[in-house]
Amino acid sequence: LEDAYVLSLELKNNFSQPRMAFEKFVARRDDRIKKFRKLCRRSEGWVMASGIKLWIREFFYKHVPMSFFTKPIDNLLSSEI
């Protein structure tokens, strides 16, 4: 949905130049998508943990609020698109 929103804004602002609208769309979305993917890979590493990393994860999940783990993604999603 974010992509559709950003693309519609760019097309609205650059109606006569659709190629430029798509270039601006890609520029706006690229950094945000990279950050989101990085955060997801980090979270996936903890979810798929084994060995000592699994023990650490289980300890922290019991004693640390879930918001500690989800805060980076929450911040990204709540920031301006």
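What's counted below: heavy atoms across the whole structure, side chains too, no hydrogens, waters or symmetry copies.
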>> Evaluate Arg28 against Leu9 for side-chain contact (heavy atoms from CB on, under 4.5 Å), listing each step before the verdict.
In response: CA-CA 11 Å; Arg28 283 181 67 181; Leu9 288 177; 4.3 Å; yes
> Phe68: what forms a side chain to side chain contact (heavy atoms under 4.5 Å, CB included) with it, not counting sequence neighbours?
Replying inline: Val64
>> Is there a continuous path of hydrophobic side-chain contacts, each under 4.5 Å between heavy atoms, that joins Met20 to Val26?
In response: no
>> Rounded to the nearest 0.5 Å, what separates atom OG in Ser8 from atom CG in Asp3?
In response: 10.5 Å
>> Filter on salt bridge (charged side-chain N to carboxylate O under 4.0 Å, His left out), then keep only pairs touching residues 54-71, sequence neighbours left out; what's left?
In response: none
> Under the side chain to side chain contact (heavy atoms under 4.5 Å, CB included) test, which residues partner Met66, sequence neighbours left out?
Replying inline: Phe69, Thr70
> Cluster question for you: counting only ILVMFWY and a side-chain heavy-atom cut-off of under 4.5 Å, with indirect links fine, are Leu7 and Tyr5 together?
Replying inline: yes
> Angle class for the His63/Phe59 ring planes (parallel below 30°, perpendicular above 60°, tilted otherwise)?
Replying inline: tilted
>> Applying side chain to side chain contact (heavy atoms under 4.5 Å, CB included), can you list everything that pairs with Glu2, at least two apart in sequence or on another chain?
In response: Arg29, Arg32, Leu77, Ile81
>> I'd like to know whether Glu44 forms a side-chain contact (heavy atoms from CB on, under 4.5 Å) with Val47, so could you lay out the CA-CA distance, the side-chain angles of the two residues, the decisive distance to 0.1 Å, and finally the verdict.
In response: CA-CA 5 Å; Glu44 184 178 287; Val47 170; 5.5 Å; no
>> Please find the pair of heavy atoms, one from Ala21 and one from Leu11, that lie closest to each other, and give the distance.
In response: CB-CD2, 3.7 Å
> Step by step, would you call Phe22 with Asn14 a side-chain contact (heavy atoms from CB on, under 4.5 Å)?
Replying inline: CA-CA 9 Å; Phe22 284 111; Asn14 298 289; over 6 Å; no
> Can you name the residues that form a salt bridge (charged side-chain N to carboxylate O under 4.0 Å, His left out) with Asp74, not counting sequence neighbours?
Replying inline: none
>> Using the side chain to side chain contact (heavy atoms under 4.5 Å, CB included) criterion, which residues pair with Lys35? Sequence neighbours excluded.
In response: Leu76
>> So Trp46 and Ile56, do their side chains get closer than 4.5 Å, heavy atoms only?
In response: yes
